[in-house]
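What follows is a set of notes on a single structure, which appears directly below.
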Amino acid sequence: MKQIEAVVANINDLNDGELRQVAVGETEILLTRLDGKFHAVGAHCSHYKAPLAEGVLSGHHVVCPWHNAYFDVTSGDQLEPPGLDSLACYQVRIEGENVIVSVPEETTGLRSPAMAQFNPDADKRTFVILGAGAAGVHAAETLRVAGYQGRIVMITQDDRLPYDRTKLSKDYFIGETSSEEMPLRSPDFYKEHAIEVLLNKRVEQVQTTSKAITFSGSDAGASGDSLNYDALLVATGGKPRQLDIPGADLQNILTLRSFNDTDRILTLSKQKGQAVVIGSSFIGMETAAGLSQHGLQVTVVSPDSVPFKKILGEEIGKIFQQVHQENGVSFKLGRKAVQFEGSDKVEAVILDNGDRLKADIVIVGIGVQPATDFLEGIDLYPKDGSVVVDEYLRAADGIYAAGDIARYPDWRTNESLRVEHWRVAAQQGRIAAHNMAGKAVKFRGLPLFWTMQFKFPLRYIGHAESWDEIIVDGDLQKQEFIAFYVKNNQVLAVATSHKDTETAAMSELMRLNQMLTVEELRRGTVDLIQRQPVNNKQ
């Protein structure tokens, strides 16, 4: 392939450990200098195309400033999700004091990771993945990356190939992403790498003793009404919780979990009118923002006194409420819905104080419960039905769990956690796959989630069930801040807004256990970007 080359820098332009975005023709490059040597890879994250030059460098990897994917700057390999592809790696040479980079005439800046070829003669095993969300997709591809050559079967109740679920209540909902952009991979990709994707399959039972999966009704597996496995990853995610109140079976009372859910809500929203959102969860609040932007009059009903108070604290929760109110959303807080009224379709929501809210559409966003009722022979966590796993994400011999259903030991606190985040699911899918393939890799991921409501972005790193205090750096009202959640003199979580580079630095410092001390935070004298992480494990 024809190459294009250009002088992109002088050797004295970059200090060691510095990132810089440069260009060769129309191709944007991330140029890095490490130990006096220059490296060039694609300039944009494979997830949402964030500019990696605005991230932070730790050892040999760069941390994406948006959602904290990790890439090796010497090879372009992706080390941590989200995103599936690695970065293209370009040739660099030095002539005199000039740094010259060569790139192919046609390059996207990305590349698929190297994967093993399916070879049933070499490996006759069948690995099954239940679920095609973040955990399932990353697991399927990682099995091939890890060298597994046997059969891979990914099973989903959905009627379409795996897609980016996070966009259902965000970019896709408000029209910034088209349906054509939603699939994570093409049918040809799965065919090329021999990853079987069975759509519209509902699992009735997993029999762990006989290692057999039974499908319900007329849904049949590839070899009849059941499918045997050698190793199984359960990544079925959560089922939306429903309200058990009179009128709950009326039409136009919906939840938002799948692609079809979002499409149905969007179709109904074209009629404008009144919308009531039950619950101030992230799904509920994101849906409220989206419906408001589609021209509906939206009211959020929640038993909480402030949105996100239990997760983010009262001050930040009130900012979210204020942003919504400034954009026309109304709130009925400290209230519960006790009845839906209507003939065939919902017409009103009755609250516990007697208020009657007119409603043409109702969205129930009161959380999810793990979809695990089909599992036999595994003890489930009694409080929520989640699957208890060890540090290798193993639930039993030959059975692993990842994503929303997995209750795992937190390596930082030794607490038992279940986290419903897309990135955690992706991380766990990768780790589970490595272990299914015969490696012994402990899960040491760091939770991260993000939300965008109107023009208010927030990212949250770590996990804090409770805290002693919240130390804020920045201005909450201007929505430019970093909030540190402290318990027992340890930073357990960080919430940020409009602080992309700092967020990447905080993420890496937490991962490496080099987080700022509470004393440093209280003094407020530390430059959060200059306090670079030091990773001695290359």
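- With values rounded to the nearest 0.5 angstrom, Leu168 atom CG is found 10.0 Å from Phe173 atom CZ.
- Side-chain atoms of Ser216 come within 3.5 Å of backbone N or O of Arg202 as a donor-acceptor pair.
- Side-chain atoms of Asn327 and Ser292 form no donor-acceptor pair, as typed in the model, at a separation below 3.5 Å.
- Although no hydrogens or angles enter the test, the distance criterion places no donor-acceptor pair under 3.5 Å between the side chain of Ser507 and the main chain of Thr503.
- Within a 6.0 Å sphere centred on NZ of Lys49, other residues, nucleotides and ligands contribute 12 heavy atoms or fewer.
- The only member of Phe308, Trp422, Tyr460 that meets ring pair (Phe, Tyr, Trp, His ring centres under 6.0 Å) when paired with Phe449 is Tyr460.
- Using a distance-only test at 3.5 Å, with no hydrogens or angles considered, no donor-acceptor pair links the side chain of Ser281 to the main chain of Gly367.
- Salt bridge status for Arg511 with Glu80: absent, with no side-chain N to carboxylate O gap under 4.0 Å.
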Step by step, would you call Val329 with Thr299 a side-chain contact (heavy atoms from CB on, under 4.5 Å)? CA-CA 6 Å; Val329 177; Thr299 301; over 6 Å; no
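- Closest non-hydrogen pair, Pro65 versus Thr501, comes out as CB-N, 4.5 Å.
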Would Gln428 and Phe443 satisfy side-chain contact (heavy atoms from CB on, under 4.5 Å), going step by step from the backbone distance to the final call? CA-CA 7 Å; Gln428 290 182 343; Phe443 177 66; 3.5 Å; yes
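- At a threshold of 4.5 Å between non-hydrogen side-chain atoms, the residues Asp158 and Leu199 do not count as touching.
- The shortest distance between side-chain heavy atoms of His463 and Asp410 does not fall below 4.5 Å.
- Closest heavy-atom contact between Trp66 and Arg459: O-NE, 2.6 Å.
- Listed for the Ser186 side chain is a donor-acceptor partner under 3.5 Å among the backbone atoms of Phe189.
- With a 4.5 Å cut-off on side-chain heavy atoms, Leu516 and Phe484 do not count as touching.
- Annotation for Ser280 and Met285: closest pair O-CG, 3.7 Å, computed over non-hydrogen atoms.
- The two residues Gly136 and Ile129 have their closest heavy-atom pair at CA-CG2, 3.6 Å.
- Rounded to the nearest 0.5 Å, atoms CG (Leu291) and CG (Leu296) are 5.5 Å apart.
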Extract all donor-acceptor atom pairs below 3.5 Å that involve side chains of residues 315-325 and protein atoms in other chains or at least two apart in sequence.
| unit_1 | atom_1 | unit_2 | atom_2 | d |
| --- | --- | --- | --- | --- |
| Lys318 | NZ | Glu314 | OE2 | 3.1 |
| Gln322 | NE2 | Glu326 | OE2 | 3.1 |
| His324 | NE2 | Gln453 | OE1 | 2.8 |

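- For the atom pair Ser169 OG and Ile283 CD1, the distance stands at 3.5 Å (nearest 0.5 Å).
- Under 4.0 Å is where a charged nitrogen must lie from a carboxylate oxygen, and between Lys167 and Glu181 no such pair does.
- A donor-acceptor contact shorter than 3.5 Å links the side chain of His498 to the backbone of Gln479.
- With contacts defined as side-chain heavy-atom distances shorter than 4.5 Å, the pair Asp473/Leu521 does not qualify.
- None of Asp352, Asp355, Asn353 except one satisfies the side-chain hydrogen bond (donor to acceptor under 3.5 Å, both in side chains) rule with Lys332; the exception is Asp355.
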Let's go through Tyr400 and Tyr392 carefully: what are the C-alpha distance in whole Å and the side-chain angles of both, what is the deciding distance for ring-ring contact (aromatic ring centres under 6.0 Å, His included) to 0.1 Å, and is it a yes or a no? CA-CA 8 Å; Tyr400 298 80; Tyr392 299 97; 9.1 Å; no
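- Arg160 and Asn260 form a side-chain donor-acceptor contact under 3.5 Å, judged by distance and modelled atom types alone.
- Here CG of Leu30 is found 10.5 Å from CZ of Phe71. Values are rounded to the nearest 0.5 Å.
- By the neighbour-count criterion of 12 heavy atoms within 6.0 Å, atom CG of Asp379 is sparsely surrounded, having that number or fewer from other residues, nucleotides or ligands.
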Between Gln78 and Asp85, is a side-chain contact (heavy atoms from CB on, under 4.5 Å) present by the stated rule, with each step listed? CA-CA 7 Å; Gln78 184 178 31; Asp85 283 330; over 6 Å; no
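- No donor-acceptor distance shorter than 3.5 angstrom exists from the side chain of Glu347 to the backbone of Glu341, with no hydrogens or angles considered.
- Side chains of Arg185 and Glu141 form a contact here, defined as non-hydrogen atoms less than 4.5 Å apart.
- Using a 4.5 Å heavy-atom threshold, the side chains of Asp164 and Tyr172 count as separate.
- Here the shortest heavy-atom pairing between Ala337 and Val349 reads CB-CG1, 3.7 Å.
- The shortest non-hydrogen separation linking Arg423 to Asn68 is NH2-O, 2.8 Å.
- With hydrogens and angles left out, the side-chain atoms of Asp171 and Tyr48 include no donor and acceptor closer than 3.5 Å.
- The pair Glu420-Arg418 counts as a salt bridge, with a side-chain nitrogen and a carboxylate oxygen less than 4.0 angstrom apart.
- Here the side chains of Trp467 and Val486 are not in contact, with every heavy-atom distance at 4.5 Å or above.
- Between Asp404 and Arg257 there is a salt bridge, since a side-chain N of the basic residue sits under 4.0 Å from a carboxylate O of the acidic one.
- In this structure, the side chains of Leu458 and Phe481 come closer than 4.5 Å at one or more pairs of heavy atoms.
- A donor atom on one side chain and an acceptor atom on the other are found under 3.5 Å apart for Asp261 and Ser258.
- Salt-bridge formation is detected for the pair Asp373/Lys239: a Lys NZ or Arg NE/NH1/NH2 atom is positioned less than 4.0 Å from an Asp or Glu carboxylate oxygen.
- Note: Ile461 CD1 to Met515 CE = 7.5 Å, rounded to the nearest 0.5 Å.
- Ring geometry for Phe259 versus Tyr163: interplanar angle over 60°, hence perpendicular rather than tilted (30 to 60°).
- Between the side chain of Thr255 and the main chain of Val364, no donor-acceptor pair closer than 3.5 Å is present.
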Apply side-chain contact (heavy atoms from CB on, under 4.5 Å) to Val389 and Arg394, showing your working. CA-CA 5 Å; Val389 297; Arg394 182 174 51 223; 5.8 Å; no
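- Look at Asp360 and Lys272 and you find no salt bridge, because none of the NZ, NE, NH1 or NH2 atoms lies under 4.0 Å from a carboxylate O.
- The CD1 atom of Ile278 sits 12.0 Å away from atom OG1 of Thr287, with the distance rounded to the nearest 0.5 Å.
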